[in-house]
Amino acid sequence: MNDAQTPDLRASARELHDAGLCVLPVKADGSKAPDVRSWTPYKVTRSTPAEHDQWFNNGRHTGIGVVTGAVSGNIELIEFEGLAVQEGLLDQVAEIAANSGLGDLWEAVTTGWADRSPSGGVHFKVVVKGRPAAANKKLARRLAREDEYTPEERQRVAEKPGTKIVRVLAETRGEGGFVVVAPSHGPTHPSGEAYVRLAGGPTTMAVVDPDDLDALYILCGAVDAMPQEEKAKTAPRPRREPPAGYVRPGDDYQDKADWSEIIGNEFDPIYTHGQTTYWRRKGKTRGISATTGHAPDRDRLYVFTTSTTFEAETAYDKFAAYTHLNHGGDFTAAAAALRGQGYGSEPPRQRLRSVPRQAGHFTDGSSAVDPDSVPDEHEMPESGPGLRVVAPVRPELDITNEADAIDGLLEIMAADQLPDLYKRSSGPCWVYEDDQGNPLVKQLGTDNLRAYLGDHVTTYQVVKDPFTDGTKEVRELFMPKTCGTILGRRDWPLQPLRGIITSPVVRPDGSLVQAPGYDRATGLYMHPRVPLRRLQPQVSKESVERAKDIVLNKMLADFPFVARSDRAQYLGALLSPIIRSYVPGPTPLVVITGTSQASGKTLLKDVFGRLYGLAETPWAENDAELRKAITAKLWDCGDPVIAMDNLPNGHIIKSPILSSLVTSATWSDRLLGSTSSVTMPNDRLWILTGNNLRTGGDNGRRTLWVRLDPDCPNPDQRDNFTVGDLRIWLAENASTIVAALVTMVRGWLADGAKTINTRMGDYSQWASAIAGILGYLGVPGWLADRGEASTALDDEAQEWAAFLTEWHQRIGTEPVTTKALLSLKDTVPQLHNGDLPSGKQLGHWLKARQGRYFEDLKVVLVYDSHLKQNTWRVEKHVDKGTAGTER
């Protein structure tokens, strides 16, 4: 541009100043910013002609601009970017203005003073009359397309995906704003092109009142293309897919209703362009107040003005607009009302899906024992016995009402639809394994029952579905208090659990429990310790002989039993778990004792563990601890044999707790950490082991002795055993041994289950049955030397037998006082510290033993009415047929 063509910025400054505007130079770097040290003062004070001379007379500046707002006579700028002009938005606004009654006003504004920027944008300046100039405002925007991204914008999106890149289409400059005006040129704009005046000038600007200017701003805002997010008050909740076949009333209304029906009392339609309809509120004569159909994704109402019942600049769909106008924003009430008008479909109940129960292993009952059959690894499940068969789909139960929930659960229990859940006297329980595969019984508490029902019953509540206004089934667990109520019952319609067995056992009717799992006939749960062999249909003499050979001539061949009675008594104990249900009642304490270490007593105890499973508990130091240990094992342990191993050398077993235990069919005690007492069946075989054990008190006659004596200096060095290392042999042949023991019992049953009458106090029935089995097997020695062994191994019996013998020999049968008896100081029983008892203490001991025989002598109390004191005499037993009793 030559000098003749160079705009005279000083003249332009004079024109602008004379029109009352604040003029500033513009930087020649494309920033379009004022070229002064600080232009803040010029927002309130106009620049002067002297400053204009300094800025524009030397030709240094190529750009000139105006500060908008009050300092320039309260002017505002409406700017359409070049992008908006290219996309026809300026023409669209003009069309809307013409159709909304604002055509003349728009014409006055666009022809009053208009400039075009080098980028194609158009600036309209107006004077606001009646209020201060407003702040800068974005009127219309849209999201940028990816092909429009600058390199910097692409980097922002790459660093933070989801970033919105926005293009401004129309905006205002008001109080505190600045605008470059024509004839700015050169480097003032990045393009180097000049600003061009399109119409009018500073003296011909349109003067508009605030309402008219706001109406024009609404026109410009009507072409805004930014997505509008619905607010909580205009959308009931985040959108979700409705159930198949169900149409919500709001969605149905959205598809069928017309906007005129909804907002006809608030707005009048004035003009439609494409899909967009422009509306004006009732009572207004010019401009627009709202649009519908403008959003591309969903037909919404968008209100610009604050003079309606709707919130300005907020999107409403048809259902939200209806709800706002007719139900105060209550979407639930609105949906119900529309449903009453026939919109939507009938609300369904949303059902829960039934959860199939996991397939489990189970047995058909064909597996048991067969000495000639090899165990099939596929017959036994990997994790223990299978559960009883139940329905493949777990039951469903509505627990909305607690009382109905309890009734429903009891019906499910009675229908036998709950696997592996049983009852004991103290409540529901289940059977499970510990880490070593040992069966345990878990008495259920509130949390256990709740967890179990969560796994095995699909429980739900029926609640209101705000999404469909119908109902739905919501998965819920039983409440803890409900579980507590169920556990608090006196009885439960469940199968009773009367015990756990680990091998085939004989039922009371003589049949055999053969299959793993629950046996309804007996209430026993079989959890085999070893894989079970198949059962031969018939028991032959040959199979019985093979069984005897396996057990007696192989497994027990090398144990140093003191006498054949010890071997017979061990075999009787070994057969006891198999006939425990057939011969109910207590069994004696089995004491396995040896003369020295490595005699084999622990190995005999371990045989029980390998074949049946064995629970062990340490020998307690006192009766209180012993009672706790017994209760703990009976409460949850499922092993049929419980042992206390390695008692102190030479220990005297003298415990009233043990005496009570082995003579009772049940055991009652208070659970540790609880105030409640429980009663449990005492259906276990109790074993004690130790070297040179002896008994005292009543324990002697309640003991089944198994004595070992290796009779060599180093018993642990013994070798050349029949089966080699017995523990290895047991591990490889446990199934065979169990099969052999069961075969022995089956042979006895098949032979008529004959018993041999054997008197053993509380254990007579059991002793007679074992005597019958051993008699059938031809195994001699059962309880043959019981009396001798009991006396020899009972310190108390020996001590009192010696005392009574000397009493009888030296004093005879005459009644004497305890003082006289103390003269027998060499044989009088002594205190624990070795001292003689006092007369009173000896009297207490005599009272505790009166009438009891020690060998063939007993103590008799004789009250001396003359001396007013007790006296004592000793009396000798005389067999029947002799003349009376010795006095």
Are Glu153 and Arg167 ion-paired here, with the side-chain N under 4.0 Å from a carboxylate O? yes

Just how far is it from atom CG of Asn265 to atom CD1 of Ile262, taken to the nearest 0.5 Å? 11.5 Å

Rounded to the nearest 0.5 Å, what's the gap from OG on Ser307 to NZ on Lys284? Could you check? 7.0 Å

Once ring pair (Phe, Tyr, Trp, His ring centres under 6.0 Å) is applied, do any residues pair with His17, and if so which ones, sequence neighbours excluded? His52

Describe, in one word, how the ring planes of Phe267 and Trp279 are oriented to each other, choosing from parallel (under 30°), tilted (30 to 60°) and perpendicular (over 60°). perpendicular

From Leu89 atom CG to Arg142 atom CZ, the distance as rounded to the nearest 0.5 Å: 8.5 Å

Quick one: do Lys138 and Asp224 make a salt bridge, cutoff under 4.0 Å? no

Can you classify the ring geometry of Tyr322 versus Tyr253 as parallel (below 30°), tilted (30 to 60°) or perpendicular (above 60°)? tilted

To the nearest 0.5 Å, what is the distance between OH on Tyr278 and OG on Ser289? 13.5 Å

For a side-chain contact (heavy atoms from CB on, under 4.5 Å) check, start with the C-alpha distance between Leu219 and Ser100, then their side-chain angles and the critical distance, and finish with the verdict. CA-CA 9 Å; Leu219 294 183; Ser100 64; 3.8 Å; yes

Under 3.5 Å, side chain of Thr314 to main-chain N/O of Ala312, donor-acceptor pair present? yes

Any ion pair linking Lys256 and Asp252 (charged N to carboxylate O, less than 4.0 Å)? yes

Check Glu171 with Arg173, please: is the shortest side-chain N to carboxylate O separation under 4.0 Å? yes

We want to know whether Thr277 and Thr272 form a side-chain donor-acceptor pair, criterion being a heavy-atom distance below 3.5 angstrom. yes

Does Thr458 use its side chain to pair, donor to acceptor, with the backbone of Glu396 at less than 3.5 Å? no

Can you name the closest pair of heavy atoms from Thr45 and Cys22 and give their distance? O-SG, 3.9 Å

Check for a donor-acceptor pair, side chain of Thr68 on one end and backbone N or O of Gly177 on the other, with a separation under 3.5 Å. yes

Looking only at the side chains, is there a donor atom on one of Thr482 and Glu402 sitting less than 3.5 Å from an acceptor on the other? yes

Under the ring pair (Phe, Tyr, Trp, His ring centres under 6.0 Å) rule, what do Phe331 and Phe319 come out as? Steps first, then yes or no, please. CA-CA 8 Å; Phe331 287 98; Phe319 180 44; 5.6 Å; yes

With salt bridge (charged side-chain N to carboxylate O under 4.0 Å, His left out) as the test, would you mind laying out the steps for Arg14 and Asp53 before giving the verdict? CA-CA 10 Å; Arg14 185 179 301 107; Asp53 292 340; 5.5 Å; no

Less than 6.0 angstrom separating the ring centers of His324 and Tyr316, yes or no? yes

Short question: side chain of Thr48, backbone of Glu51 - any donor-acceptor pair under 3.5 Å? yes

Kindly say whether the aromatic ring centers of Phe178 and Trp39 come within a distance under 6.0 Å. yes

Give a yes or no answer on whether the side chain of Ser184 reaches the backbone of Thr188 with a donor-acceptor pair at less than 3.5 Å. no

Would you say the side-chain atoms of Trp55 and Asp35 include a donor-acceptor pair closer than 3.5 Å? no

Considering residues, nucleotides and ligands other than Gln341, do more than 12 of their heavy atoms fall under 6.0 Å from its CD? yes

State, to 0.1 Å, how close Val457 and Arg475 come at their nearest heavy-atom pair, and which atoms those are. O-NH2, 3.5 Å

For a 4.5 angstrom cut-off between non-hydrogen side-chain atoms, does Val166 reach Met226? yes

Under 3.5 Å donor-acceptor, Thr459 side chain and Glu476 backbone: yes

Should the ring pair His123 and Tyr195 be called parallel, tilted or perpendicular, given that the plane angle runs from 0 to 90° and is split at 30 and 60? tilted

Minimal non-hydrogen separation, Ala133 against Glu175, with atom names: O-CB, 3.7 Å

Can you check salt bridge (charged side-chain N to carboxylate O under 4.0 Å, His left out) on Asp268 and Arg280, steps first, answer last? CA-CA 5 Å; Asp268 291 320; Arg280 181 187 299 137; over 6 Å; no

Any ion pair linking Glu15 and Arg197 (charged N to carboxylate O, less than 4.0 Å)? yes

Whether Thr62 side chain and His185 backbone form a donor-acceptor pair below 3.5 Å: yes

Using modelled atom types and a 3.5 Å cut-off, is there a donor and acceptor pairing between side-chain atoms of Glu81 and backbone atoms of Leu169? no

Test Glu76 against every option in Lys125, Arg131, Lys129 by the salt bridge (Lys or Arg N to Asp or Glu O under 4.0 Å) rule and name the one that passes. Arg131

For the backbone of Thr292 and the side chain of Gln275, can you confirm whether one donor and one acceptor N or O come within less than 3.5 Å of each other? no

Evaluate the criterion salt bridge (charged side-chain N to carboxylate O under 4.0 Å, His left out) for residue pair Asp147 and Arg145; output intermediate values, then yes/no. CA-CA 5 Å; Asp147 61 328; Arg145 300 186 301 270; 3.4 Å; yes

So does Val23 get a backbone contact from the side chain of Ser47, meaning a donor-acceptor N/O pair under 3.5 Å? yes

Might you point out which heavy atoms bring Ala405 and Leu397 nearest each other, and give the distance in Å? O-CD2, 3.7 Å

Using every non-hydrogen atom in the two residues, find where Ile96 and Ala222 come nearest and quote the distance to one decimal. CD1-CB, 4.3 Å

List the steps and the verdict of side-chain contact (heavy atoms from CB on, under 4.5 Å) for Glu95 and Asn99. CA-CA 6 Å; Glu95 181 180 349; Asn99 285 280; 3.6 Å; yes

Roughly how far, to the nearest 0.5 Å, is CG of Leu139 from CD1 of Ile78? 7.5 Å

What is the minimum heavy-atom distance between Gly174 and Asn136, and which atoms define it? N-OD1, 2.8 Å

Tell me if the centroids of the rings in His294 and Tyr302 come within less than 6.0 Å of each other. no

